[in-house]
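Data first, discussion second: the structure below is written as structure tokens.
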Amino acid sequence: MRLIQTLAAAALALVTSFAVADDAEKAIRETLKSLDSEIPVESIAKSPFSSLYEVKLQGGRVLYASADGQYVMQGNLFQVENGKPVNLTEKAERAGIAKTINTIPTSEMVIYPAKGQAKSHITVFTDTTCPYCHKLHEEVAELNKLGVEVRYVAFPRQGLGSPGDEQLQAVWCSKDRNAALDNMIGGKEIKAAKCENPVGKQFAMGQSIGVNGTPAIVLEDGQVIPGYQPAKQVAKLALASTK
């Protein structure tokens, strides 16, 4: 009899916890919707910190909220392990961003393969009107020699309909995208027939993961490096991200 009572109590507690979790998710979603109906919530679950829920947004970014949805915060949650702080928010966001980036078909990128064995890859949000994108592009061959594959995606920094958007669409609509990108960055005019292309979609994806300027370099583990970095530094970070 005692065993049956114990199992019944455990089952009741489990059902109650599910109900509380469902109520919390509903309350948090309602709060976020009241703030901005366009907030793209991917999932809501309990965080490692009691009474705090982790809200994962599409693209990988993370918010935190109370169970009643009355408190919402954006910031880093740390866990202290053996006297050292571990940034749980950063870990969660990197995993989410890596997952998002991995959904981009390689057929929709402009890829510069590594020379010999590829040791790592980076995904670069670029704009052909961006001077620092030009500077990074000049070092792609060096990155390739260091074993890093460079995968370009489009991010017209001045928005859709801007000169950068028009140029990027011309690159992505060219038969030889690599040659078109090289020429465009080299100052040559590229003409290509209009076509269906992923520039707008990639721009939206960049915004969803927090890109607000170019170049933005995403490592394999989802870490985002904003701005230009020398090839050797980028390669060092890229190779470290695969360990």
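- For the disulfide (SG to SG under 2.5 Å) test, residues two or more places apart in sequence or in another chain that qualify with Cys173 are Cys195.
- When atom types are taken as modelled, the side chain of Glu93 and the backbone of Val62 share a donor-acceptor pair closer than 3.5 angstrom.
- Of all the heavy atoms in Ala192 and Ser174, the pair that sits closest is CB-OG, 3.8 Å.
- Between the CD atom of Gln74 and the OG1 atom of Thr89 there is a distance of 10.0 Å, given to the nearest 0.5 Å.
- For Asn87, there are no side chain to side chain donor-acceptor pair (under 3.5 Å) partners two or more places apart in sequence or in a different chain.
- In this structure, NZ on Lys56 lies 12.5 Å from CG on Leu63, to the nearest 0.5 angstrom.
- Taking Arg94 as the reference, Glu90, Asp221 meet the salt bridge (Lys or Arg N to Asp or Glu O under 4.0 Å) condition, with sequence neighbours excluded.
- Glu42 is linked by a side chain to side chain donor-acceptor pair (under 3.5 Å) to nothing, counting only residues two or more places apart in sequence or in another chain.
- A search for ring-ring contact (aromatic ring centres under 6.0 Å, His included) contacts involving His137 returns Tyr112, Tyr152, not counting sequence neighbours.
- Contact between Arg177 and Ser107 at its shortest, heavy atoms only, is NH1-O, 2.8 Å.
- Of all the heavy atoms in Ala231 and Glu139, the pair that sits closest is N-OE1, 2.7 Å.
- Among residues at least two apart or in separate chains, there is no salt bridge (charged side-chain N to carboxylate O under 4.0 Å, His left out) pair with a member in residues 225-242.
- With hydrogens and angles disregarded, a donor-acceptor distance shorter than 3.5 Å links the side chain of Asn178 to the backbone of Ile111.
- Judged by distance alone, with hydrogens and angles left aside, the side-chain atoms of Asn183 form no donor-acceptor pair with the main-chain N or O of Gly187 at under 3.5 Å.
- Note on Leu237: it clusters hydrophobically with Val148, by side-chain heavy-atom contacts below 4.5 Å among ILVMFWY residues.
- The two residues Tyr53 and Lys46 make their nearest non-hydrogen contact at OH-CE, 3.4 Å.
- Note on Val153: it clusters hydrophobically with Ile97, by side-chain heavy-atom contacts below 4.5 Å among ILVMFWY residues.
- Contact detail for Ala67 and Ile28: the closest heavy-atom pair is O-CG1, 4.5 Å.
- Linking Ile, Leu, Val, Met, Phe, Trp and Tyr whenever their side-chain heavy atoms come within less than 4.5 Å puts Leu143 and Val124 in one cluster.
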>> As a quick check of understanding, evaluate side-chain contact (heavy atoms from CB on, under 4.5 Å) for Lys91 and Val86, giving each step before the final call.
In response: CA-CA 9 Å; Lys91 287 178 67 175; Val86 177; 3.8 Å; yes

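- Inter-residue side-chain proximity for Cys130 and Thr126 is flagged as unmet; no heavy-atom pair is nearer than 4.5 Å.
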Please tabulate, for the side chains in residues 202-220, all donor-acceptor contacts under 3.5 angstrom to protein atoms that are two or more places apart in sequence or on a different chain.
{"from": "Gln202", "atom 1": "OE1", "to": "Ala154", "atom 2": "N", "distance (Å)": "2.6"}
{"from": "Gln202", "atom 1": "NE2", "to": "Glu108", "atom 2": "O", "distance (Å)": "2.8"}
{"from": "Ser208", "atom 1": "OG", "to": "Met205", "atom 2": "O", "distance (Å)": "2.7"}
{"from": "Glu220", "atom 1": "OE2", "to": "Ser120", "atom 2": "OG", "distance (Å)": "3.1"}
{"from": "Glu220", "atom 1": "OE2", "to": "His121", "atom 2": "N", "distance (Å)": "3.3"}

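- Residues Leu239 and Ile225 fall into different hydrophobic clusters, defined by Ile, Leu, Val, Met, Phe, Trp and Tyr side chains chained together at heavy-atom separations under 4.5 Å.
- By the salt bridge (Lys or Arg N to Asp or Glu O under 4.0 Å) test, Glu138 is found to be paired with no residue, residues two or more places apart in sequence or in another chain being considered.
- Contacts of Arg157 classified as salt bridge (Lys or Arg N to Asp or Glu O under 4.0 Å), with partners at least two apart in sequence or in another chain: Asp127.
- Within a 6.0 Å radius of OH in Tyr132, no more than 12 heavy atoms belonging to other residues, nucleotides or ligands are found.
- Hydrophobic clustering (ILVMFWY, side-chain heavy atoms < 4.5 Å, transitive): Leu57 and Val224 are in distinct clusters.
- Considering only residues two or more places apart in sequence or on other chains, Lys194 meets the salt bridge (Lys or Arg N to Asp or Glu O under 4.0 Å) condition with Glu166.
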>> Does Leu168 form a side-chain contact (heavy atoms from CB on, under 4.5 Å) with Phe155? I'd like the steps, not just the answer.
In response: CA-CA 8 Å; Leu168 290 166; Phe155 191 86; 5.8 Å; no

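- Between Val55 and Ala65, the closest heavy-atom pair is CG2-CB, 4.3 Å.
- Summarising the geometry, atom CD1 belonging to Ile104 is positioned 8.5 Å from atom NZ belonging to Lys201; distances are rounded to the nearest 0.5 Å.
- The disulfide bond (SG atoms under 2.5 Å apart) analysis of residues 43-83, with sequence neighbours excluded, yields no pairs.
- Using a 4.5 Å heavy-atom cutoff, the side chains of Ile185 and Cys133 are not in contact.
- Note that NE2 of His134 is 11.0 Å distant from CG of Leu136, once rounded to the nearest 0.5 Å.
- Here the CD atom belonging to Gln58 is positioned 8.5 Å from the OG1 atom belonging to Thr100, to the nearest 0.5 angstrom.
- The structure places CG of Asp165 at 9.5 Å from OG1 of Thr128, a figure rounded to the nearest 0.5 Å.
- Under a 4.5 Å side-chain heavy-atom criterion applied to ILVMFWY residues, the cluster that includes Tyr71 comprises that residue alone.
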